[in-house]
Amino acid sequence: MNKNRTRRAPGEDEAALYVRVSTRYQVDKDSLPFQRKKLKEYLKFLGITRFAIFEDDGYSAKNTDRPEYQKMMSGIRRGQFTHLIVWKVDRISRNLLDFAEMYEELKKHGVTFISLNEQFDTSTAIGEAMLKIILIFAELERKMTAERVMGIMLDRAENGLWNGGHIPIGYRLDEGDAFPVPDWNGEAELVKMIFDKYEETRSTTQIARMLYRDGIRGRRGGTWTSKVIHDMIRNPFYIGTYRYNVRETSRGTIKPESEWIVRKNNHTPIISEEQFARCNKIMDKNASRNTAEFRNCYTHTFAGLLRCGTCGGGFIVTKDRPRENGFRPSVYRCTKQSHTLDCDGKTISETILGPFVLNYVANMTRAQKNFDKITTLDQLERELLRGDDFLNIVGIERQGLNEMFAALSSGAAGGGRYFPEILEADGGGPGDGVEYEILKAEKEKAQRAADRLMELYLFDPESMTAEEMSARRKEIQKNIRDIQEKIDALDAPAGPDAADLSFIRKASAFLISQKIMSRKHIDYIDLALQIDNEILKDFFAQIIDHITVKDGRIQEITFANGLTHRFIYRNKFQQECPKCGGRIGLTLGCRVRSITYQGKMYRRIKVGDPGDPFAGKKNAICYDCAARFGRRHHFGCEAEICPICGKQYISCEHFPGNKKGGQ
């Protein structure tokens, strides 16, 4: 037993009792109640009164992906238990490597392992030795069982029998059937229609959209995608060909064709071989068309950063036409809107995104640098919205401003909190940078692999020969030396013959930093033409977590440090309040204090009043009409609440022009 374990007083021992069955039809001798009973009886013999039972019902021991097992191990790591007791060793693991890892943790935390059926515990040397021997045979039994099952399934497949799994769309498997048959009264007709439409449209995306518009759902009520259509067109099951043993797992790597089992004319087809060949020829042609253009030919600066403010989905991106100056912007479109037309989100061009985001980041950097001159939230807001790119914005949501102001006031935002080291002109010294940290992590990982290899060999010498162990160890040691040489090269001072690529990247980063720290507006297109898109993409990826886009404009930016700035735009429907005549976005709020309904006057609810959407949010600004905290919403604002009924004012019966509307 581990001598480093904290000694407990008598009576303080606590045991973890682990019980497991693979299926709900386990024989009685190994059933959960039987295991629980025997383990509790043994606890009385040990004199342990405190225990916890962990049950995994219906989980295999071939791996550790079991909820109660993981919960038990967490308790062991916290030092909760002194003993781990099982009915049989194979109840807790049938995998030698998994058990070795678990057993090392038990020894580390001073936990005694006891297997009741095999009559040993690891507090004795003979018990530990017996444990290793039994576990080797348990794993051998599992592997032999798996081989027997695989052999039976391959034999069944060679005879054209169904081995279970996902039944292709268009087929069904009734009780007593040896193989799926076409569902002529249901999905089979849909499959024929999909193949017919593909010949007509030559587009899987158009078919997915058509099915969505027609209200046709998948088996589980899901939405059709172009990937599902693609897989159907490629699946020879629909012409009566049965393939088995194609992949390592259901979604794993494809095996060599020599290992496949293929039976043509095995079952009733839905599609003719001629139509199947025509459709696949079309798909082959589509796949080969403009391959160079479609496959990562371009770097899209904001790819992966955008979210749709309407549906919450991501964006797909394409290249727009080149401009006269040679700049070819990317165009971003909501994925859901593109695939199913089920989102009203509008496209947004890099010509809008780039200038906005780059100049906003520049304004933030300058505000951070000159914060000693900023004393109020309004001053900070003006600094952040300085420039022509923000003329249509009347404000920034107060919560984000408050968080930034507080961070800058306390000095927490200093030292590059908001912005990465790429903005620092000196470029750092030897041993600095992301590449250096990656190499250090790789070296540590390789060293751990070498240690684990030796531990495995000592734990189970039969797992590999001495020659195999030596060869693997030499390979790992060579990898460690190679990594160290790269680290030494980074530590060495850069000479006049430093890599051109490294110089270009540093020069580009320096150019971005100089542009940002200047007091001038940054011409994003001019900058994008001067430096590589990869540099810009990396720059924004370090600073920004995501950008939310709605109605073709930037709604909010969430930075990598968690700070979110939400922008309030001028009302897009009208520029003047129809009630007071004030200019929306420039006046603090509507000047009209009350409404009249059936000859009676009611005081209007202000921004931040009880019942208002912004109730209790001091310094809030209405997203719809830009009215400030303590002021009244402009007339027609969607956020205003009716003082009579408490509902949305513009849609209730008390709003002028509605049924029984007021004045």
Grab the two heavy atoms, one from Pro180 and one from Leu173, that are nearest each other, plus how far apart they are. N-CD1, 3.6 Å

Backbone N or O of Arg398 within a donor-acceptor pair of the Asn402 side chain at under 3.5 Å? yes

With a 4.5 Å limit on heavy-atom distance, are the side chains of Leu43 and Leu17 in contact? yes

What distance do Ile48 atom CD1 and Tyr42 atom OH have between them, rounded to the nearest 0.5 Å? 9.0 Å

Mark yes when over 12 heavy atoms from residues, nucleotides or ligands other than Lys255 sit less than 6.0 Å from its NZ; otherwise mark no. yes

Tell me whether Arg91 contacts the main-chain N or O of Arg20 through its side chain, where contact means a donor paired with an acceptor under 3.5 Å. yes

Can you tell me how far NZ of Lys107 sits from CE of Met102, rounded to the nearest 0.5 angstrom? 11.5 Å

Residue pair Phe405, Leu401: steps toward the side chain to side chain contact (heavy atoms under 4.5 Å, CB included) verdict: CA-CA 6 Å; Phe405 192 90; Leu401 271 182; over 6 Å; no

Could you tell me which non-hydrogen atom of Met72 sits nearest to which non-hydrogen atom of Ala16, and how far apart they are? CG-CB, 4.0 Å

Residue pair Arg66 / Asp56: nearest heavy atoms and the distance that separates them: CB-OD2, 3.2 Å

To check you understand the geometry: which heavy-atom pair defines the closest contact between Ile169 and Trp224, and what is its length? CD1-CH2, 3.8 Å

Report yes if the distance between the aromatic ring centroids of Tyr69 and Phe54 is under 6.0 Å, otherwise no. no

Has the side chain of Asp155 got a donor or acceptor atom that lies under 3.5 Å from a matching backbone atom of Gly151? no

Rounded distance [0.5 Å steps], CD1 in Ile254 versus CZ in Arg247: 4.0 Å

Please check: side-chain N/O of Asn159 versus main-chain N/O of Leu161, any donor-acceptor pairing under 3.5 Å? no

Could you check whether any side-chain N or O of Thr310 sits under 3.5 Å from a backbone N or O of Cys343, counting only pairs where one atom can act as donor and the other as acceptor? no

Answer whether the closest heavy-atom distance between the side chains of His546 and Leu306 falls below 4.5 Å. no

Side-chain touch Leu106/Ile76, heavy atoms, less than 4.5 angstrom: yes

Please round to the nearest 0.5 Å and tell me the distance separating atom CZ of Arg77 and atom NE2 of His109. 7.0 Å

Applying side chain to side chain contact (heavy atoms under 4.5 Å, CB included) to Arg50 and Thr82, what does each step give before you reach the verdict? CA-CA 10 Å; Arg50 301 169 58 191; Thr82 57; over 6 Å; no

CZ of Phe51 to OG1 of Thr49: how many Å apart, nearest 0.5 Å? 9.0 Å

Separation between SG (Cys334) and CZ (Arg307), nearest 0.5 Å, reads 13.0 Å

Heavy-atom side-chain contact between Val86 and Phe113 under 4.5 Å: yes

Grab the two heavy atoms, one from Phe315 and one from Cys308, that are nearest each other, plus how far apart they are. CE1-N, 3.3 Å

Kindly say whether Asp57 contributes a backbone atom to a donor-acceptor pair with the side chain of Glu55 at under 3.5 angstrom? no

Might you work through the salt bridge (charged side-chain N to carboxylate O under 4.0 Å, His left out) test for Lys550 and Glu556, ending with a clear yes or no? CA-CA 9 Å; Lys550 187 175 182 180; Glu556 66 181 29; over 6 Å; no

For Met364 and Leu563 the tightest heavy-atom approach is CE-CD2, 3.9 Å

Around atom CG of Asp65, are there more than 12 heavy atoms from other residues, nucleotides or ligands closer than 6.0 Å? no

Could you tell me whether the side chain of Leu46 reaches within less than 4.5 Å of the side chain of Ile85, counting heavy atoms only? yes

Check Arg566 with Glu397, please: is the shortest side-chain N to carboxylate O separation under 4.0 Å? no

Do the rings of Trp162 and Tyr242 sit parallel, tilted or perpendicular, given the 30° and 60° boundaries? tilted

Can any side-chain N or O of Lys336 pair as donor or acceptor with the backbone N or O of Cys311 at less than 3.5 Å? no

Are Asn245 and Trp260 close enough that some pair of their side-chain heavy atoms sits under 4.5 Å apart? no

Is the closest side-chain heavy-atom distance between Phe34 and Lys37 below 4.5 Å? no

Apply side chain to side chain contact (heavy atoms under 4.5 Å, CB included) to Arg219 and His166, showing your working. CA-CA 12 Å; Arg219 281 181 176 171; His166 174 72; 4.0 Å; yes

Could you walk me through whether Ile554 and Thr548 satisfy the side chain to side chain contact (heavy atoms under 4.5 Å, CB included) test, starting with their C-alpha distance in whole Å, then the side-chain angles of each, then the deciding distance to 0.1 Å, before giving a yes or no? CA-CA 6 Å; Ile554 297 172; Thr548 303; over 6 Å; no

Can you check whether His83 reaches Asp13 side chain to side chain, under 4.5 Å on heavy atoms? yes

Please check if the side chain of Asp545 supplies one atom and the backbone of Phe559 the other of a donor-acceptor pair under 3.5 Å. no

Would you say the side-chain atoms of Arg263 pair up with the backbone N or O of Glu158, donor to acceptor, closer than 3.5 Å? yes

Under 6.0 Å between the ring centres of Tyr171 and Phe237? yes

